[in-house]
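Report on the following structure.
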Amino acid sequence: MTDEFIQPLLGWYDENKRILPWRDQHNAYYTWVSEIMLQQTRVEAVKPYFERFIRELPDIPALAACPQEKLLKLWEGLGYYSRVRNMQLAAQEMVEKYNGKLPENFSLLISLKGIGSYTAGAIASIAYGIPVPAVDGNVFRVVTRMTEDSEDITKPAFRKKTEKALQEIIPVDRPGDFNQAMMELGAVVCVPNGQPKCLICPVRDYCLAGLHGTMEKYPVKAPKKPRVIEERTVLVIQDGNCTAIRKRPSKGLLAGLYELPNTEGYLSREEALDYVKDLGTEPLYIEELPDAKHIFSHIEWRMKAYLIRVSSLEQTHAPGILFADKKESERNYAIPSAFGAYAKYMKEEIQ
DNA sequence: AAGGCGGGGAT
DNA sequence: ATCCCAGCCTT
């Protein structure tokens with residue numbers, strides 16, 4: 001790969017870069033937080049989360065000391081919740097070993113929890129001006145199109161090859177801008193899903209796919225396996241004041257978040273009433289709620305649900321069941337979006 | 001090397 | 001419906 005495209009790319013970046021809350025702050029903590037949030041997550045989704053997170057946890061010691069419930073609440077709805085747990089583990093390690101600051105070299109950065117090859121490169125180059133590449137999905141797309149490379153980008157070997165190639169040409173005077181310019185180009189011009197905007201591309205003269213009209217053949221990715229479909233029944237169990245919720249296990253899907261009680265399979269009204277009686281409470285009323293669906297990357301939940309009024313949740317003897325006050329539940333418990341179709345009933349008074 | 005892990009916007 | 005996003009971790 002030649003470096004001739006770099007000056008046009010940087011010139012375009014200087015003129016067209018988006019204004020983002022974490023840019024030009026010269027604060028490595030902001031760079032880190034934004035890069036973690038941006039993993040597999042779009043810029044527009046991250047913006048409001050970033051602002052709130054920085055407001056609540058303005059520095060690394062604050063993050064290291066934050067109660068986990070509050071941490072998950074700050075991440076609620078953003079997904080991939082292990083990101084924020086790992087970030088806190090890394091923050092605690094920084095407080096212990098690095099005077100509460102991010103280490104200023106690539107190998108120490110990548111040794112921290114949740115910081116992989118991409119994120120270490122991004123922080124090192126953007127926050128500290130260290131000339132190392134930061135190869136994400138955007139960069140894969142831009143590079144494979146520019147070089148018409150048909151290798152499978154999901155192979156770790158391809159990442160290594162790409163990082164090595166970019167390491168050799170990354171401009172030492174502007175490594176952070178170069179990495180951001182590559183990603184910005186991928187996000188705004190050399191887009192996925194449909195036609196890239198080659199007519200306005202600053203590096204079109206250096207792009208083989210663009211010159212040959214083969215843009216949509218790249219990048220090449222191995223097909224992913226299909227989602228598994230799961231049928232579940234969700235129960236909104238309420239007395240006059242509270243809704244029953246429970247905390248999910250500390251490992252696996254949606255670890256540590258709160259959920260409405262739910263079971264594998266579709267329950268009949270009678271089975272749903274039996275479930276409630278097994279909790280030790282007396283059902284007074286049952287109503288079927290609309291079906292809902294939630295799609296994770298690897299699972300699809302098809303949900304049936306019942307709203308059940310009971311005399312008093314205080315009688316519950318089942319372990320792990322909590323009574324969430326209708327007004328306080330929203331403030332205190334992180335509930336994943338998968339329950340969004342039913343979580344709204346937690347706030348309503350039953351007729 | 002393969003699979004788990006969220007959620008949402010664009011096509 | 002399908003893709004894929006400023007990926008990383010565990011097995």
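Note that the structure is a prediction, hence the values are computed from the model and not measured.
Atom pair A:Met37:CE and B:dG6:P shows a separation of 16 Å (rounding to whole Å applied). Between A:Ile335 atom CD1 and B:dG6 atom C1' there is a gap of 16 Å when expressed in whole angstrom units. One can place NZ of A:Lys47 at 22 Å from P of B:dG7, the figure rounded to the nearest angstrom. Put simply, CD1 on A:Ile299 is 9 Å from C1' on B:dC5, counting in whole angstrom units. Spacing between atom OH of A:Tyr49 and atom C1' of B:dG6 amounts to 10 Å, rounded to whole angstrom units. Between the CZ atom of A:Phe339 and the C1' atom of B:dG7 there is a distance of 14 Å, rounded to whole Å. In this entry the distance linking CG of A:Leu72 with P of B:dG6 reads 11 Å, nearest Å. In this structure, A:Lys225 atom NZ and B:dA2 atom P are separated by 12 Å, rounded to whole Å.
When the P atom is compared between C:dT11 and B:dG6, the two are found 15 Å apart, to the nearest whole Å. Rounded to the nearest Å, the gap between the P atom of B:dA10 and that of C:dA6 is 12 Å.
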Ignoring hydrogens and angles, write down the donor-acceptor pairs under 3.5 Å from the side chains of residues 186-209 of chain A, residues two or more places apart or on other chains.
{"residue": "A:Arg204", "atom": "NH1", "partner": "A:Cys201", "partner atom": "O", "Å": "2.6"}

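Relative to the side chain of A:Leu253, the nucleotides B:dC5, B:dA2, B:dG7 differ in distance, and B:dC5 lies closest.
When the shell of 6.0 Å around CD of A:Glu264 is examined, it contains more than 12 heavy atoms from other residues, nucleotides or ligands.
At B:dG6, none of the side-chain N or O atoms of A:His294 fall inside 4.0 Å of OP1 or OP2 (strictly under the cut-off). Distances shown here put a side-chain N or O of A:His298 below 4.0 Å from the OP1 or OP2 atom of B:dC5.
Salt-bridge formation is detected for the pair A:Glu76/A:Lys73: a Lys NZ or Arg NE/NH1/NH2 atom is positioned less than 4.0 Å from an Asp or Glu carboxylate oxygen. Salt bridge present: A:Arg23 and A:Glu184 bring a charged side-chain N and a carboxylate O closer than 4.0 Å.
Between A:Arg52 and A:Trp75, the shortest heavy-atom distance links the atoms NH2-N, 4.5 Å. Between A:Lys304 and A:Leu267, the closest heavy-atom pair is CE-O, 3.4 Å.
Nearest-nucleotide assignment on DNA chain B puts the 5′-proximal partner with A:Ala157, out of A:Glu76 and A:Ala157. With DNA chain B read from its 5' end, the first of the two nearest nucleotides for A:Ile295 and A:Pro156 is the one closest to A:Pro156.
For A:Glu44, the salt bridge (Lys or Arg N to Asp or Glu O under 4.0 Å) test picks out A:Lys47, with sequence neighbours left out.
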Using a 4.0 Å heavy-atom cut-off to protein, can you give one letter per nucleotide of nucleotides 4-11 of chain C, 5' to 3': B if the base is in contact, S if only the sugar-phosphate is, - if neither? BBBBSSS-

